[in-house]
Amino acid sequence: MNEHGIESEFERARRAADERALVDSAQGGSTAAFETLYRNHVGKVYGLCLRMTANRATAEDCTQEAFIQAWRSLPSFQNRSAFGTWLHRIAVNAVLAQGRKRRERLGADASADEDAERLPHPDSGDDGGVLDLERAIAMLPAGARQVLVLVGLCGHSHEEAAAMLGLAVGTCKSQLHRARQMLAERLAVPEGQP
C-alpha cells in the first residue's frame, strides 16, 4: 500500500498471484499452504458467520465447518473466482445448514416477523441508550440480517445474495429494505437526547 493506504493495481495483482500459488500448492496436498490460506481468511469468514448468525459459538462452528468443507472441496476449485469469494460461498452455506439443523432441533420454522416480535426494542430500558451498529445488526431477524450482511456489508449483488440464500431476487430486495428500516428505528436517537 502507498502512503495514503491505497493498494495499487500492481500490489493487488501480486497478492492475487501469491494467493493463486498458495491455492495451487494446497490443491497439491500442502497443509502448510492451506494453513496460510486459513490465516489469511479466517477473520473475514468468522466476521461473516458472526454477523449472519448473531451468535459467537454458532459462528465459530460455522467458520470451522467452512474451512473443513473448503479443504475437502479444494481439489474441485477451478480458479473461476477468487479463493476468498469461493470460501465466502462455502461459509454462507455452512451458516444456512446450521440454521436448518437448529430449526429441526427446535421443531419449528419461526418466521422473521415472529423473531422480530421477540426482540427487545432499544426504548425498553436498555441502559446503554442507543444500541451500537453491531448489536443492532445482531438483533435483526435472521432473513433480514443475512441479506443485510451479504448485500449491505459484503457488497454482493441482490442476484448473488439471492442465489446464496435460496431466495427470489425480489425477496432479497425487500429483506434488505426491511433490515435498513429496522436498523434506522433501532439506532434512532430519541428526541431531546444528544
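For the numbers below, each heavy atom of this structure counts, side chains included, while hydrogens, waters and symmetry mates do not.
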Roughly how far, to the nearest 0.5 Å, is [atom2] of [Y] from [atom1] of [X]?
X: Met139; Y: Leu183; atom1: CE; atom2: CG; value: 10.0 Å
X: Arg145; Y: Met52; atom1: CZ; atom2: CE; value: 8.5 Å
X: Met164; Y: Gln146; atom1: CE; atom2: CD; value: 11.5 Å

[X] side chain to [Y] backbone, donor-acceptor under 3.5 Å:
X: Ser73; Y: Ala70; answer: no
X: Thr53; Y: Cys49; answer: yes
X: Glu160; Y: Ser157; answer: yes

What pairs of residues pass the ring pair (Phe, Tyr, Trp, His ring centres under 6.0 Å) test when at least one of them lies in residues 40-61, not counting sequence neighbours?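 As it turns out, the ring pair (Phe, Tyr, Trp, His ring centres under 6.0 Å) pairs with a partner in residues 40-61, which skip direct neighbours, are His41-Phe83.
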List the residues meeting side chain to side chain contact (heavy atoms under 4.5 Å, CB included) with Lys44, not counting sequence neighbours, and say none if there are none.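 Partners of Lys44 under the side chain to side chain contact (heavy atoms under 4.5 Å, CB included) test: none.
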Kindly write out the residues that satisfy salt bridge (charged side-chain N to carboxylate O under 4.0 Å, His left out) with Glu134, not counting sequence neighbours, or none if the list is empty.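 For Glu134 the salt bridge (charged side-chain N to carboxylate O under 4.0 Å, His left out) partners, ignoring immediate neighbours, are Arg51.
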For Glu35, all residues meeting salt bridge (charged side-chain N to carboxylate O under 4.0 Å, His left out), sequence neighbours excluded: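 Glu35 satisfies salt bridge (charged side-chain N to carboxylate O under 4.0 Å, His left out) with Arg39 only.
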Does some side-chain heavy atom of [Y] sit less than 4.5 Å from a side-chain heavy atom of [X]?
X: Trp86; Y: Leu74; result: yes
X: Asn40; Y: Leu22; result: yes
X: Val147; Y: Lys173; result: no
X: Pro141; Y: Arg178; result: yes
X: Val149; Y: Cys154; result: yes
X: Ser81; Y: Phe77; result: yes
X: His88; Y: His156; result: yes

Apply side chain to side chain contact (heavy atoms under 4.5 Å, CB included) to the pair Leu153 and Ile137, showing each step before the final yes or no. CA-CA 11 Å; Leu153 301 178; Ile137 291 170; 3.9 Å; yes
Pair Arg20 + Asp24: basic N to acidic O under 4.0 Å: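 No, this pair does not count.
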Salt bridge flag under 4.0 Å for residues Arg12 and Glu9: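 Salt bridge: yes.
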Counterpart residues, side chain to side chain donor-acceptor pair (under 3.5 Å), relative to His158 (two or more places apart):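 Listed in chain order: nothing, the list is empty.
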When clusters are formed by joining ILVMFWY residues with side-chain heavy atoms under 4.5 Å apart, either directly or through shared neighbours, do [X] and [Y] land in the same one?
X: Leu37; Y: Val45; answer: yes
X: Trp71; Y: Tyr38; answer: yes
X: Leu48; Y: Leu50; answer: no

Can you spot which of Leu96, Asn93, Val95, Thr171 makes a side-chain contact (heavy atoms from CB on, under 4.5 Å) with Leu165?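 The residue from Leu96, Asn93, Val95, Thr171 that satisfies side-chain contact (heavy atoms from CB on, under 4.5 Å) with Leu165 turns out to be Leu96.
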Please tabulate, one pair per line, all N/O donor-acceptor pairs under 3.5 Å involving side-chain atoms of residues 58-68, not counting sequence neighbours.
residue	atom	partner	partner atom	Å
Thr58	OG1	Asn55	OD1	3.1
Thr63	OG1	Ala59	O	2.8
Glu65	OE2	Gln69	NE2	2.9

Just do the side chain to side chain contact (heavy atoms under 4.5 Å, CB included) check on Cys172 and Val151 with the steps written out, would you? CA-CA 9 Å; Cys172 185; Val151 177; 4.2 Å; yes
When you look at CZ of Arg180, are more than 12 heavy atoms from neighbouring residues, nucleotides or ligands closer to it than 6.0 Å?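 No, because the 6.0 Å sphere around CZ of Arg180 holds 12 heavy atoms or fewer from other groups.
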